[in-house]
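Input: a single structure, listed below in structure tokens.
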Amino acid sequence: MLALIAPIKNRLQALAPLAAWQVRTNTEDADRAALPMADVRCIGAGVSSQRAGAVVVEPQWTVVLVLRRGGTASAELDAALQAVIGALHGWQPGQHGGRGWEPLALQRISEPILADEGLVGYELTFSTQALYRGQE
């Protein structure tokens, strides 16, 4: 399921509203203090169905958008939210990691807990599904 991290990051990096943002993942070495930033990560996965010899795994992907508070923060966040939703909701990643992935679906948007009072952001959570084969 982590094979999706690069395609998601690449898709976000191509968005004009995120051109000045650092788009990074939780698995790469990056300057974690650079702002504004869009952080991509898989936060876990559920199993939506099981059958003999196979399971359908449903990973959840988050994109956390963070920037400094200020006069333009609301407009910048709104443009970033719109761009991320437009790029990922309904997008079918295709074949990655040896399996075909279903289209991503937006599950929720929430405000993350940020340690720095001078920051503001939102977390978008998307899910997708793919079949994993086990022993038969």
Side-chain angles (χ1 to χ4, degrees):
M1 71 188 172
L2 292 179
L4 292 178
I5 203 163
I8 292 171
K9 178 185 174 183
N10 293 340
R11 192 159 176 88
L12 295 178
Q13 283 179 314
L15 299 174
L18 296 183
W21 294 57
Q22 181 188 63
V23 179
R24 65 181 189 224
T25 72
N26 65 322
T27 59
E28 65 189 337
D29 187 23
D31 177 6
R32 302 279 167 203
L35 294 172
M37 69 90 177
D39 187 78
V40 178
R41 61 184 62 217
C42 180
I43 60 169
V47 176
S48 62
S49 71
Q50 298 180 21
R51 45 195 147 173
V55 294
V56 176
V57 175
E58 186 175 354
Q60 291 192 333
W61 287 92
T62 62
V63 178
V64 182
L65 303 169
V66 178
L67 68 154
R68 294 227 168 267
R69 294 179 191 272
T72 63
S74 178
E76 290 177 61
L77 264 176
D78 193 53
L81 281 163
Q82 183 176 337
V84 170
I85 293 168
L88 296 182
H89 180 74
W91 171 61
Q92 188 162 8
Q95 292 285 326
H96 295 282
R99 57 197 36 88
W101 292 92
E102 295 297 316
L104 272 73
L106 181 63
Q107 299 299 312
R108 71 183 163 278
I109 300 172
S110 58
E111 191 172 8
I113 298 171
L114 301 169
D116 185 335
E117 288 292 322
L119 302 179
V120 63
Y122 281 93
E123 179 176 293
L124 296 90
T125 304
F126 297 86
S127 65
T128 182
Q129 296 182 7
L131 181 69
Y132 278 72
R133 297 201 183 281
Q135 299 295 313
E136 294 194 39

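Positions are given from 1, in the same order as the sequence printed here.
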Q.
Restricting to side chain to side chain contact (heavy atoms under 4.5 Å, CB included), what partner residues turn up for A34, sequence neighbours left out?
A.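 Listed in chain order: Q22, D31.
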**Q.** For P36, side chain to side chain contact (heavy atoms under 4.5 Å, CB included) partners two or more places apart
**A.**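 Partners of P36 under the side chain to side chain contact (heavy atoms under 4.5 Å, CB included) test: W21, L67.
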Any side-chain to backbone donor/acceptor pair from [X] onto [Y]? Under 3.5 Å, distance only.
X    : Y    : value
H96  : L4   : no
R99  : R133 : no
S127 : Q60  : no

Q.
For a 4.5 angstrom cut-off between non-hydrogen side-chain atoms, does R68 reach D116?
A.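 The answer is yes, as the side chains (C-beta and beyond) meet within the 4.5 Å cut-off.
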Q. Roughly how far, to the nearest 0.5 Å, is the CD atom of Q92 from the CD atom of E102?
A.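 So the CD of E102 and the CD of Q92 are separated by 6.0 Å.
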Q) Can you tell me how far CD of Q107 sits from OG1 of T62, rounded to the nearest 0.5 angstrom? A)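 One finds 12.5 Å between OG1 of T62 and CD of Q107.
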Less than 3.5 Å apart, which donor and acceptor atoms pair up between the side chains of residues 74-81 and the rest of the protein, not counting sequence neighbours?
from: E76; atom 1: OE2; to: T72; atom 2: OG1; distance (Å): 2.5

Q. Closest approach of F126 and I85, non-hydrogen atoms and distance?
A.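 The pair with the smallest heavy-atom distance is CZ-CA, 4.3 Å.
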Side-chain donor-acceptor contacts of residues 5-20 below 3.5 Å, not counting sequence neighbours, with atom names and distances?
from: K9; atom 1: NZ; to: E28; atom 2: OE1; distance (Å): 2.8
from: K9; atom 1: NZ; to: E28; atom 2: OE2; distance (Å): 3.2
from: N10; atom 1: ND2; to: A6; atom 2: O; distance (Å): 3.2
from: R11; atom 1: NE; to: A87; atom 2: O; distance (Å): 2.6
from: R11; atom 1: NH2; to: A87; atom 2: O; distance (Å): 3.2

(Q) Would a single hydrophobic cluster contain both L131 and M1, if residues Ile, Leu, Val, Met, Phe, Trp and Tyr are joined by side-chain heavy-atom contacts under 4.5 Å? (A)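 No.
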Q | V64: hydrophobic cluster co-members (side-chain, 4.5 Å) | A |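 Its cluster mates, by chain and number, are L35, M37, V66, L114, L119.
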Would you mind writing out the side-chain donor-acceptor pairs for residues 39-56 within the sub-3.5 Å range, not counting sequence neighbours?
from: D39; atom 1: OD1; to: R24; atom 2: NE; distance (Å): 3.2
from: D39; atom 1: OD1; to: R32; atom 2: NH1; distance (Å): 3.3
from: D39; atom 1: OD2; to: R41; atom 2: NE; distance (Å): 2.6
from: D39; atom 1: OD2; to: R41; atom 2: NH2; distance (Å): 2.8

